[in-house]
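Structure, as structure tokens:
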Number of protein chains: 2
Amino acid sequence: MDTQLVQPKQTFMNLAPEKRESIVRAAAAEFAAQGYQRASLNNIVKQLGISKGSLYQYFDNKEALFLHVFDHFTLQVKQYVKASAAGNGRDDFFAVARQVLLAGIAFIDSHPEYFQVYLKVLFERDVPRREELVARVRLFSLEYFGPLADRAMEQGVLRRDIPPHKVVFILDALLDRFLQGYAQPHFDGGLALAGMSADRLHDEIDSMVAVLRTGLQPSDMGE
Amino acid sequence: MDTQLVQPKQTFMNLAPEKRESIVRAAAAEFAAQGYQRASLNNIVKQLGISKGSLYQYFDNKEALFLHVFDHFTLQVKQYVKASAAGNGRDDFFAVARQVLLAGIAFIDSHPEYFQVYLKVLFERDVPRREELVARVRLFSLEYFGPLADRAMEQGVLRRDIPPHKVVFILDALLDRFLQGYAQPHFDGGLALAGMSADRLHDEIDSMVAVLRTGLQPSDMGE
DNA sequence: CCATAATATGACCAGGCGGTCACATTATGA
DNA sequence: TCATAATGTGACCGCCTGGTCATATTATGG
């Protein structure tokens, strides 16, 4: 499940780590800007100042390069989520949601191009192994919040008249939209998240979580 | 604000309405499938069985054809929303939300390719006049729900501790995600909306609206 | 030092693109 | 009927794409 999507050629592995990273970064920027199909290998090699032949010594073809970039992306996401989950094992359902939201913001801040690549994959057809790629990033909902919601329901911290899978849908939709609105304009429903200061952003997150809490908690737990 | 984005050539206007429509439909299908930049005029004319020269007698260039398709799309959306609003003037805030959701589903059912074009515009850069196009479809949130939420707040049917703009964000995020999940897989957070029967879909919508009501209504209005 | 292996290079290929234009076909109306 | 205008056509243009490959350059180690 978390094996690599593709193996670069040995020649690529022999490169200095800084060079490897600069290549992945340049490719990610191009895929983020153009999507898979329209991304141009000529642009990438021009940006890097290397020849096209060299790129083909590192990767079999465009698809292999793209999949390697995506591998890099999923690795980074996992690190961020793992880091955010650490030390918060005993927090309640909504506190965890807040942590994930903060981790998402932090990830977009430090790797904006990777999140763009992911968005492009979602909305582009003819992306190689698209289904598989999307499934790997579904950690915000099913694999992650699903069991969490089930447990929360058992513990009675969620309204009994709302099925857990609907709680997950609502949470997933709001968190994802929040992150999309942060990553690119027109998706924030007028909240103007994109250029917001960190403080205001944290306020916005806290009040959003508070709304979720009042809406989804049983009424006898106090509002 | 609701003027046309572009004017087709006179030659196009002289065509029989059925032919005009078939051209717009074929172009919409191609833009929906490929996005703006990757859409191929050669594909479109091949599909239609006309020559490329003819297409250029109807529209100045690729951009003009695309903008005309988008004009057609926004016109259709407005008709659907207007039709859904008619006869529901005295419904409350959440009933209106439900109506809009149903209208959105109906629109996607009858014009799936137009909704895809819209999604492509959202996530593609270098789409001609992109900002302007997106602004025109923002009716689900700011222009439509904004005033509605303000009025609902004045009338006391919304919790006083949630700013109206946040209500709009939540509503916009959930409705839009619901429609996106219906229009294409991987966006439904496990709800499996895409292939759902009309009855189950209506149930899903009703319970979603019920959750919104309990979460956003004042607690003294009964849950 | 030098043979050999590893790596770097960019001209080149076939194919698709948006767009053009000289020409063929059809419609119009006096 | 026939001159003129309107419309239809597809070969062609320059440009860009992903991918190839003969050749040049560099690294290795005996």
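Lettering follows sequence order; numbering is per chain, from 1. Basis for what follows: all heavy atoms, side chains included, without hydrogens, waters or symmetry-related copies.
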Could you tell me the separation between the [atom1] atom of [X] and the [atom2] atom of [N], rounded to a whole number of Å?
| X | N | atom1 | atom2 | value |
| --- | --- | --- | --- | --- |
| B:Phe59 | C:dT20 | CZ | C1' | 18 Å |
| B:Asp60 | C:dG18 | CG | P | 16 Å |
| B:Gln57 | C:dT26 | CD | C1' | 13 Å |
| A:Tyr56 | D:dG19 | OH | P | 3 Å |
| A:Leu15 | D:dT26 | CG | C1' | 14 Å |
| A:Asn43 | D:dC16 | CG | C1' | 10 Å |
| B:Lys46 | C:dG16 | NZ | P | 8 Å |
| A:Arg38 | C:dG16 | CZ | P | 18 Å |

Exercise for the section: Have a look at A:Phe12 and say if it touches a base, only the backbone sugar-phosphate, or nothing, with a 4.0 Å heavy-atom cut-off. Expected result: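 If one applies the 4.0 Å heavy-atom cut-off, A:Phe12 turns out to touch nothing in the nucleic acid.
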
Can you tell me if the side-chain N/O atoms of [X] get under 4.0 Å from OP1 or OP2 in [N]?
| X | N | value |
| --- | --- | --- |
| A:Asn14 | C:dT7 | yes |
| A:Asn42 | D:dT17 | yes |
| A:Lys62 | D:dG18 | yes |
| A:Ser51 | C:dG10 | no |
| A:Ser54 | C:dT7 | no |

Practice task
Please confirm whether A:Lys62 makes a cation-pi placement over A:Tyr36, using NZ or CZ under 6.0 Å from the six-membered ring centre and within 45° of the ring normal.
Solution key: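 Geometry flag: set, cation within 6.0 Å and 45°.
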
Problem - Ring-face cation contact, B:Phe12 with B:Lys19, 6.0 Å cut, 45° max - result: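 Judged by the rule (NZ or CZ under 6.0 Å from the ring centre, within 45° of its axis), B:Lys19 is not positioned above B:Phe12.
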
Problem - From D:dG18, C:dA8, D:dG8, nucleotide with atom closest to A:Lys52 side chain - result: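 Of the options given, the side chain of A:Lys52 lies nearest D:dG18.
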
Problem - Minimum-distance nucleotide to A:Ser40 side chain [options: C:dT7, C:dC17, D:dT17] - result: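 Nucleotide nearest to A:Ser40's side chain: D:dT17.
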
Handout entry: Electrostatic pair B:Arg38-A:Glu124, nearest N-O below 4.0 angstrom
Key =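 No, no charged N to carboxylate O under 4.0 Å.
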
Handout entry: Carboxylate-amine/guanidinium proximity below 4.0 Å for B:Arg129 and B:Glu63
Key =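 No salt bridge links B:Arg129 with B:Glu63.
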
Practice task
For A:Asn14 and A:Gln10, test the side chains for any donor-to-acceptor distance below 3.5 angstrom and give the result as yes or no.
Solution key: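 Checked: A:Asn14/A:Gln10 side chains pair up, N/O donor to acceptor below 3.5 Å.
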
